[in-house]
Amino acid sequence: MTERDETIGNLRATVGLQIEDETLLRLLAAGLAEVETLLREVVHSDVRAVHDAALHLVEAGGKRFRPLFTLLASQFGTDEREGVVTAAASVELVHLATLYHDDVMDEATMRRGAESVNARWDNSIAILTGDFLFAHASRLVADLGTDAARIIAETFGELVTGQMRETVGPVDGEDPVDHYLTVIAQKTGSLIATAGRFGGMMSGATPEAIGALRRFGEIVGTAFQISDDVIDIASPSVELGKSQGTDLREGVRTLPMLYALADEGTDPRLRELLAGPITEDALVEEALGLLRDSTGLVRARSTLSDYARRARVELAALPASPARDACESVADYLVARTY
């Protein structure tokens with residue numbers, strides 16, 4: 001197996017991507033290799049401290065779903081343009097930059113199996129490194145034209161607004177579920193939407209196709225987070241590869257929890273446990289058991305299925321092709337991975 005084949009194999013395992021077409025497989029593998037090269041070139045700095053911190057998460061790997069989706073989206077156009085790889089690298093740089101900032105806010109110690117930058121160095125280095133990556137993402141996008149520069153600026157705004165919404169919480173009278181879905185659409189969906197939009201734009205796709213790819217990206221991005229919410233409660237630790245109930249331990253109310261709290265018939269003991277972070281393993285297990293038996297988990301799975309359905313509807317507007325089949329496989333996987 002070549003390195004490119006291994007790359008695609010890893011992506012299949014992490015995002016459920018199914019590619020049967022050999023030509024598409026090779027194109028994506030080649031494109032991702034170019035993205036990886038560009039990422040390493042972009043984060044290079046003659047200042048050793050900057051270079052090491054910036055390269056830290058690039059080398060840690062990850063799903064690379066955003067650049068992959070950019071490359072997939074470019075299959076719906078008619079042009080072959082170098083801008084596709086540049087756009088794919090730019091959205092990944094933005095994503096990496098948000099991770100540096102998220103780790104500071106969450107006081108994280110690990111990221112992608114490696115020590116987080118804020119833990120290895122400090123919060124100031126992590127924040128500045130995130131800013132460094134944002135700057136280089138903007139520089140890359142500037143080469144793609146004014147429309148692309150405007151779009152990435154709008155995406156920055158969405159990402160920050162989503163984080164602010166999450167930090168502040170729902171305002172008085174705002175439905176917590178609606179607030180949560182808006183937050184994850186902005187924090188996760190907006191950048192994946194931009195990835196799809198860029199891929200279509202850079203390849204000369206029709207406005208209709210670009211719009212469908214943008215909407216598909218936002219829906220799938222939101223669905224990824226809902227899927228993770230369900231898995232954190234429903235899947236055993238051995239399947240997760242990490243401790244269950246991470247959100248419970250951090251006091252984060254995810255969609256299944258919000259649905260459970262909205263149900264008047266929810267066990268009072270579960271309401272008590274969800275009042276704040278849970279630090280004791282026994283109490284985490286108790287809360288997980290109650291959540292699995294609650295309507296919250298059922299409703300969250302139903303919402304996830306609806307998002308997957310909506311994603312497939314958007315894809316129906318695109319011409320039939322191996323690329324569309326691959327995108328459909330991701331939508332199907334989001335639901336399948338929660339069972």
Side-chain angles (χ1 to χ4, degrees), residues 2-8 10-11 14 25-75 77 79-103 111-118 120-121 125-153 155-156 159 191-192 194-199 201-203:
T2 67
E3 183 177 348
R4 290 180 180 178
D5 288 337
E6 185 177 356
T7 298
I8 292 296
N10 292 336
L11 285 165
T14 53
L25 183 72
R26 298 294 172 186
L27 284 172
L28 291 175
L32 285 172
E34 290 183 52
V35 170
E36 290 296 326
T37 298
L38 184 54
L39 287 174
R40 283 164 171 75
E41 290 175 355
V42 167
V43 302
H44 174 79
S45 173
D46 292 334
V47 179
R48 182 60 182 269
V50 175
H51 179 78
D52 289 349
L55 195 61
H56 186 70
L57 277 189
V58 172
E59 292 188 332
K63 299 181 181 70
R64 298 287 195 258
F65 178 70
R66 290 154 189 81
L68 173 68
F69 182 44
T70 307
L71 295 169
L72 265 178
S74 73
Q75 295 300 304
D79 300 336
E80 293 185 10
R81 293 171 56 183
E82 294 179 2
V84 173
V85 170
T86 301
S90 71
V91 293
E92 183 66 9
L93 282 174
V94 172
H95 174 56
L96 291 173
T98 65
L99 297 184
Y100 282 90
H101 288 177
D102 284 349
D103 284 348
R111 168 68 69 177
R112 294 178 172 175
E115 190 176 18
S116 62
V117 169
N118 54 299
R120 181 172 176 177
W121 286 279
I125 295 296
I127 292 169
L128 291 170
T129 304
D131 294 344
F132 178 78
L133 296 185
F134 275 130
H136 281 292
S138 297
R139 180 175 63 80
L140 284 180
V141 174
D143 293 335
L144 302 177
T146 55
D147 283 346
R150 174 182 52 79
I151 289 167
I152 204 66
T155 306
F156 286 159
L159 292 168
L191 186 56
I192 297 178
T194 294
R197 194 176 181 184
F198 275 175
M201 288 172 58
M202 295 303 116
S203 62

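Keep in mind the model is a prediction, meaning the values are calculated, not measured.
Here the straight-line distance linking atom CG of L93 with atom CZ of R66 works out to 12.5 Å at 0.5 Å rounding. Between L191 atom CG and S90 atom OG the span is 8.5 Å, to the nearest 0.5 Å. Distance check, rounded to the nearest 0.5 Å: CD of Q75 to OG1 of T70 gives 12.0 Å. Between atom OG1 of residue T98 and atom CZ of residue F156 there is a gap of 10.5 Å, rounded to the nearest 0.5 Å. For the atom pair CG (L55) and OG1 (T129), the distance works out to 11.0 Å, reported to the nearest 0.5 Å. The OH atom of Y100 lies 13.5 Å from the CD1 atom of I127; values are rounded to the nearest 0.5 Å.
Listed by chain and residue number, T155, T194, R197, F198, M201 satisfy the side-chain contact (heavy atoms from CB on, under 4.5 Å) test with I151 (two or more places apart in sequence, or in another chain). D131 meets the side-chain hydrogen bond (donor to acceptor under 3.5 Å, both in side chains) test with H101; sequence neighbours excluded. In this view, F132 and H136 satisfy the ring pair (Phe, Tyr, Trp, His ring centres under 6.0 Å) rule, not counting sequence neighbours.
You'll find the side chain of V94 reaches within 4.5 Å of the side chain of F134, heavy atoms only.
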Indicate every side-chain donor-acceptor pair of residues 28-43 with a distance under 3.5 Å to a residue at least two apart or in another chain.
from: E36; atom 1: OE1; to: R40; atom 2: NH1; distance (Å): 2.8
from: E36; atom 1: OE1; to: R64; atom 2: NH2; distance (Å): 3.3
from: E36; atom 1: OE2; to: R64; atom 2: NE; distance (Å): 2.5
from: E36; atom 1: OE2; to: R64; atom 2: NH2; distance (Å): 3.4
from: T37; atom 1: OG1; to: A33; atom 2: O; distance (Å): 3.1

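Counting all heavy atoms, side chain and backbone alike, L144 lies closest to A148 at CB-CB, 3.7 Å. G130 and A97 get closest at one heavy-atom pair: O-CB, 3.3 Å. Pairing each heavy atom of M202 with each of G83, the nearest pair is CG-O, 3.7 Å.
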Exercise for the section: May I have the step-by-step check of side chain to side chain contact (heavy atoms under 4.5 Å, CB included) for H44 and D46, ending in yes or no? Expected result: CA-CA 7 Å; H44 174 79; D46 292 334; 3.3 Å; yes
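Here the side chain of S203 pairs a donor or acceptor atom with the backbone of S74 at under 3.5 angstrom.
Applying the side chain to side chain donor-acceptor pair (under 3.5 Å) test to residues at least two apart or on different chains, the pairs with a partner in residues 140-152 are R150-E154.
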